[in-house]
Asker: 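Once you've had a glance at the structure underneath, I'll fire off some questions.
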Amino acid sequence: MLRRLFGKRKADLTRVRELDEWFEHTGDLRFLHEAIEQIGPQIEQRPELLGELGRLMVTRFVYTLSQEDLDEGVLCLRTAADNLDPDSAEFVNLSILAADALVSANEWFTELTGPELGDTYLDEAVRLLTEAGRSAQTGPAVVTMLMRVQLRAIRFDPAQDEVLPGVIARLRATPNAELWLTSALLLQHERQGVPGDLHEALSVSEQGAQSAYQRLLHGVALQRAGRLEEALDTWAGVAGDPGAPTMVRISAYHHSGRFSAELLPAAQALVDELIASAVTPQARELWLTVACWFAPMTVAALADAHQSPLAAVAFERARDTSRIQLHYEPHWEPFDIHKGRWRELARRHRMPRGGFLPGLNMAELQGAASGGPIVLCNVADNRTDAIIVRPDAIDVLPLNLNDVEHQVMALRQAQLTCATALRSRDGEAYQRGEEVIVAVLGWLWQSVGAPVLNKLGGLRPRIWWLPAGPLALLPLHAAGLPGMPGMLDESVSSYLPSVRHLREMRLRPQTTRQPEVLAVGSSALPFAKEEIHRLRSSYPSTVELTDPDRELVVRELGKHQWVHFACPMGGDRLALRDGTLSSLEVARLGMRQPELAFLSAGDAISPGFGHYRDVIGTLWSIDELSAGRLVEQFYTRMRDHGSPPLALNEAVRELRNQYPAAPGLWAPYYHCGP
């Protein structure tokens, strides 16, 4: 791995350090790139050069979050340390530098991608610090780093709160540990609410507010002390500092955005720049993730500032970013293919004005609502809103959804209970599960459905939902109270991946001739054969494939504009006899005008599956009691009037009327499309 880093010129340490100083002074990454390139082929024989290269690459990681820079930088530092005396100060310094990078990686990657990758880096940091701790040169720096690691563990495991006072005491006794002492005091104040911890954190952070991260924490202490204007000024200074690490700047934007929308355009411009100029596919993917992570807070801040049109534009822009991220997948293919695909995506989504991924403007959003209101549901840490887009107005409706995660968990547990009870023929358990689903649908009606319909007026509108976060896991289309008219009665609901998708699908011409349906069945599903039999009653020319392999399915998909999948599905992947087939793979087949895909055994909303115009799917696994009846009713109505959303709405209401107390049978069915 190291040989890939070697340049062709002899290393000039004077020039390297000069470039590093220019980078520190200007924040211009070009100087850092050139400094790395200056390190030459003598690197393996000179530990000081290897250590310098590792330090520079770790520094670049802090600004670009390129995992490749981190891994190779730590490898350089470890290799250099292996060639040094374990009792030397240089050995300890290199170990601390590597551990510092690894703990930073744990913090950022845990935030953005989950704990699995982050914990790997934290374990490696502990190992390095343990080795450095055995050295005769061990001093305050190693102690500080060890406390930082322990503090990180406490933050993610409240069960370790009892060791926090010991960490604070040790940091108080360690020179130059103001940054982590501030962090520890703020954490203890967050957990226990003791005013003295906040006062001490404010005092310590004020004394040591030198680095960008220290200033960021000082802003947090100011905000908690009720000095919001000073906190906003502090965060604005960090966010606008080009010499500050990029993720620290983004964190400053994030903190300020919870209380003020003023810095958000600058934050979006920074993320755009990072996406467009990322030096590796991994970094590009990561900044796309940051853009998606940043979006709910941006939308919430704009909604709070009563800037409804801008909130809608920001929400749609985030959906476009998610769409790019979904279709990028750099981990699937070699680097040369990434570059071509990324250029293609950039060309497709770049517009003459507005920079990278500008999204739709207000007029375009309102124009898309000509067929009925579009409801954008944004879930952020501090508030939840329904942003209602109509041809003549864009309004923000604040929602009270404090326990949305609890409702998601309750629904999932109820689904599992019902499925298990059906297999074991346990009627009492099945009834308990259905009662929970009834309660969740009632909560959805009172929290989202009824407020939205009241805002729209008493009409029975066609509604398009774009839910974000945990709301995307709940059946908004089926919200309602037992025995009372609900969303199924008061509206015809559909879901969308983005408003842009709605505009694109409306422009696509529809086939007027009788379609020939492709039905893909699996013997793993007991109801598959019955479903396809009932489908044939409306469309006798249906082509049936039972337990086919991927190659056959791919070949046949290109010949049919309608497809019915009665096979297992997880997320957006269909399980076939010899592998899986994803929505992205289907979309890449280049089919001419794919129109209708019915996914009868899914477990999530798959908006825009395979670029089909209309998608019928299920939010959770269904059973044979409802599957055949729903399919028969749906295709009968499709034959009569040809409108997928209306046909599904009518078929689901028919099934609900037969089993009103068992929403697990009819609530999961949804429509996505125009």
Side-chain angles (χ1 to χ4, degrees), residues 326 415 419 465 472-473 475 477-478 493-497 501 505 515 517-532 534-535 539 542-548 550 553-554 556-557 560-577 579-589 591 594-624 626-635 637-638 644-645 647-649 651-652 655 664-674:
L326 175 67
Q415 295 159 15
W465 298 97
L473 302 172
H477 60 281
S493 294
S494 297
Y495 295 89
L496 293 172
H501 177 85
M505 292 301 105
V517 185
L518 173 67
V520 181
S522 169
S523 57
L525 296 181
F527 54 79
K529 189 170 289 293
E530 176 67 15
E531 268 196 10
I532 296 173
R534 298 203 184 204
L535 163 58
Y539 294 92
T542 295
V543 175
E544 181 178 354
L545 303 178
T546 303
D547 291 328
R550 274 174 47 94
V553 172
V554 168
E556 289 295 323
L557 280 174
H560 303 83
Q561 291 176 303
W562 287 19
V563 61
H564 183 99
F565 287 108
C567 48
M569 185 174 181
D572 71 339
R573 287 184 170 274
L574 296 153
L576 302 173
R577 178 164 57 85
T580 63
L581 186 64
S582 73
S583 170
L584 182 57
E585 291 171 306
V586 173
R588 288 177 179 171
L589 296 178
M591 295 179 291
E595 288 195 359
L596 174 66
F598 195 124
L599 315 170
S600 72
D603 58 4
I605 291 180
S606 300
F609 181 90
H611 210 53
Y612 281 86
R613 187 177 189 274
D614 293 282
V615 177
I616 307 297
T618 59
L619 268 170
W620 57 82
S621 298
I622 55 175
D623 63 86
E624 48 196 310
S626 64
R629 298 184 188 189
L630 189 287
V631 166
E632 182 176 23
Q633 293 291 335
F634 171 76
Y635 283 108
R637 287 166 169 76
M638 281 297 296
L648 183 68
N649 177 270
V652 171
L655 194 60
L665 301 179
W666 44 264
Y669 292 95
Y670 68 85
H671 169 261
C672 174

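Being a predicted model, the structure only gives us computed values, none of them experimental.
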Asker: So, using side-chain contact (heavy atoms from CB on, under 4.5 Å) as the criterion, who are the partners of Arg637 when residues are at least two apart?
Answerer: Gln633, His641, Ala647, Glu650, Glu654

Asker: Name the one of Val586, Val520, Leu574 that satisfies side chain to side chain contact (heavy atoms under 4.5 Å, CB included) with Val553?
Answerer: Val520

Asker: Is there a ring-ring contact (aromatic ring centres under 6.0 Å, His included) between Tyr669 and Phe634 once you walk through the steps?
Answerer: CA-CA 11 Å; Tyr669 292 95; Phe634 171 76; 9.3 Å; no

Asker: Under 4.5 Å between any side-chain heavy atoms of Asp614 and Pro674, yes or no?
Answerer: yes

Asker: Check the angle between the aromatic planes of His501 and His611 and answer parallel, tilted or perpendicular using the 30° and 60° thresholds.
Answerer: perpendicular

Asker: Ser522 side chain to Asp547 main-chain N or O, any donor-acceptor pair under 3.5 Å?
Answerer: no

Asker: As a test of understanding, state which of Pro644, Ser494, Pro497 forms a side chain to side chain contact (heavy atoms under 4.5 Å, CB included) with Cys672.
Answerer: Pro497

Asker: Looking at Gly664, is its backbone amide N or carbonyl O close enough to the side chain of Trp620 to form a donor-acceptor pair, meaning the two atoms are under 3.5 Å apart?
Answerer: yes

Asker: Heavy atoms, side chains only, cut-off 4.5 Å: are His564 and Val631 in contact?
Answerer: yes

Asker: Can you tell me if Tyr495 uses its side chain to pair, donor with acceptor, with the backbone of His477 under 3.5 Å?
Answerer: yes

Asker: Do the non-hydrogen side-chain atoms of Leu473 and Leu619 ever get within less than 4.5 Å of each other?
Answerer: no

Asker: Do Val517 and Phe598 come within less than 4.5 Å of each other through their side chains, counting heavy atoms only?
Answerer: no

